[in-house]
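Reckoned from all heavy atoms, side chains included, excluding hydrogens, waters and symmetry mates.
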Amino acid sequence: VFQQELRHLLEQLGEGKWFAFRTETLSQSQILENMIDEIEEMAARLSKTKTGALVVLERKNRVDDYLDSGRELDAIVSAPLLINIFEPNTPLHDGAVLIRKGRLARAACFMPLSVSNKIDPQLGTRHRAGIGITEVSDAVVVIVSEETGTISVARAGRLIRYLDPQVLASILRNEILPKESNQSTKTKKESWKSQIKRYLNASDQDKKSED
């Protein structure tokens with residue numbers, strides 16, 4: 001009954017297509033893992049030097065409509081490259097970088113600013129831009145403050161501040177890496193809420209303004 005299907009499967013095995021698919025899948029996961037490691041290193045180094053950064057990680061929804069500005073790139077994501085881009089007075093430092101499918105796609109992009117009245121008034125345009133793009137897409141945004149070196153993550157219009165690089169990497173892995181197919185939407189939402197409760201540190205003692 002399944003003679004044709006078996007023949008087709010054997011042909012795929014002979015041509016190496018099945019193995020190529022498996023390798024490609026594993027390769028993409030590894031690309032994302034490496035990307036997160038590089039962003040973690042970037043955030044750690046820029047936080048120490050108080051160099052501002054804005055990194056948009058595109059997911060299912062393309063954000064082309066909101067990132068018409070900027071320069072097109074097609075580069076492997078690496079901490080040295082990102083650090084060089086955000087170095088003050090360099091051609092591409094002003095604005096955000098866009099990462100698409102694990103690759104650095106654009107730099108020097110300007111994004112819509114959030115107009116929410118719930119945002120801390122001490123936060124400036126970099127944070128408002130980071131939050132703004134997450135209000136109109138499912139992107140995840142990494143922000144490093146130029147004033148304080150604080151590392152933050154924005155998603156779905158929410159901002160998690162005062163992260164250390166390891167926690168940042170943990171959140172990105174939870175948001176960016178492929179989930180198990182049997183993981184429910186409810187579990188995903190609960191996971192995000194638990195991370196907000198765990199990592200959000202809105203200290204009243206920290207009155208320093210941020211860019």
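A salt bridge does not link Asp138 with Arg155: every distance from a Lys NZ or Arg NE/NH1/NH2 to an Asp or Glu carboxylate oxygen is 4.0 Å or more. Between Arg100 and Asp64 a salt bridge is recorded (basic side-chain N to carboxylate O distance below 4.0 Å). Salt bridge Arg106/Asp74: absent, no basic N to carboxylate O contact under 4.0 Å. Salt-bridge annotation for Lys101 and Glu58: absent, with no side-chain N of the basic residue lying under 4.0 Å from a carboxylate O of the acidic one.
Using a distance-only test at 3.5 Å, with no hydrogens or angles considered, a donor-acceptor pair links the side chain of Thr90 to the main chain of Glu87. With hydrogens and angles ignored, the 3.5 Å screen pairs no side-chain donor or acceptor of Arg158 with any backbone N or O of Thr134. A distance-only check finds no donor-acceptor pair linking the side chain of Thr148 to the backbone of Ser145 [under 3.5 Å].
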For this session: Quick one: do Asn34 and Glu38 satisfy side chain to side chain donor-acceptor pair (under 3.5 Å)? Show the steps, please.
Result: CA-CA 6 Å; Asn34 293 339; Glu38 296 297 322; over 6 Å; no
For this session: Could you check Ser114 against Glu135 for side chain to side chain donor-acceptor pair (under 3.5 Å), going step by step and ending with a plain yes or no?
Result: CA-CA 8 Å; Ser114 174; Glu135 293 173 340; 2.7 Å; yes
Problem set entry | Val140 vs Arg59, side chain to side chain contact (heavy atoms under 4.5 Å, CB included): CA-CA, chis, key distance, verdict | CA-CA 8 Å; Val140 177; Arg59 299 204 286 181; 3.8 Å; yes
For this session: In sequence, state the C-alpha distance, the side-chain angles, and the governing distance for Leu177 and Asn174, and then conclude on side chain to side chain contact (heavy atoms under 4.5 Å, CB included).
Result: CA-CA 6 Å; Leu177 294 182; Asn174 182 71; over 6 Å; no
Problem set entry | Glu40 and Asp37: CA distance, side-chain angles, deciding distance, side chain to side chain contact (heavy atoms under 4.5 Å, CB included) verdict | CA-CA 5 Å; Glu40 177 185 359; Asp37 291 341; 4.3 Å; yes
Problem set entry | side chain to side chain contact (heavy atoms under 4.5 Å, CB included) evaluation trace for Phe86 with Val144 | CA-CA 10 Å; Phe86 289 116; Val144 180; over 6 Å; no
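With contacts defined as side-chain heavy-atom distances shorter than 4.5 Å, the pair Glu175/Ile171 qualifies. Looking only at side-chain heavy atoms (C-beta outward), Ile85 and Leu104 come within less than 4.5 Å of each other.
With rounding to the nearest 0.5 angstrom, the OG1 atom of Thr51 is 10.5 Å from the CE atom of Met42. We find the CG-CD1 distance between Leu57 and Ile133 to be 12.0 Å, quoted to the nearest 0.5 Å. Taking CG of Leu73 as the start and CD1 of Ile99 as the end, the distance is 11.0 Å to the nearest 0.5 Å. Between the CD1 atom of Ile176 and the CD atom of Glu33 there is a distance of 11.5 Å, given to the nearest 0.5 Å. Rounding to the nearest 0.5 Å places CG of Leu46 at 10.0 Å from CD of Glu41. To the nearest 0.5 angstrom, Met35 atom CE is 4.5 Å from Ile39 atom CD1.
Counting non-hydrogen atoms of neighbouring residues, nucleotides and ligands closer than 6.0 angstrom, the CD1 atom of Ile76 reaches no more than 12 such neighbours. Other residues, nucleotides and ligands place no more than 12 heavy atoms under 6.0 Å from the CZ atom of Arg71. Heavy-atom contacts from other residues, nucleotides or ligands closer than 6.0 Å to CD of Glu72 number 12 or fewer.
Pairing each heavy atom of Ser152 with each of Leu159, the nearest pair is CB-CD1, 3.7 Å. The two residues Arg128 and Leu123 come nearest to each other via the heavy atoms NE-O, 3.9 Å. Between Ala96 and Met111, the shortest heavy-atom distance links the atoms CB-CE, 3.5 Å. The two residues Leu81 and Ala75 make their nearest non-hydrogen contact at CD2-CB, 3.9 Å. Scanning all heavy atoms of the two residues, the minimum distance from Ala107 to Leu92 falls at CB-CD1, 4.0 Å. Here the closest heavy-atom approach between residue Pro178 and residue Leu32 is recorded as CD-CD1, 4.2 Å.
With Val56 as the partner, the side-chain contact (heavy atoms from CB on, under 4.5 Å) test is satisfied by one option alone out of Val97, Ile143, Val142, Val141: Val141. Across Leu163, Ile151, Leu168, a single residue satisfies side-chain contact (heavy atoms from CB on, under 4.5 Å) together with Ser47, and that is Ile151.
Grouping the Ile, Leu, Val, Met, Phe, Trp and Tyr side chains by contacts below 4.5 angstrom, directly or via other members, places Phe110 apart from Leu54. Linking Ile, Leu, Val, Met, Phe, Trp and Tyr whenever their side-chain heavy atoms come within less than 4.5 Å leaves Val63 and Leu113 in two separate clusters.
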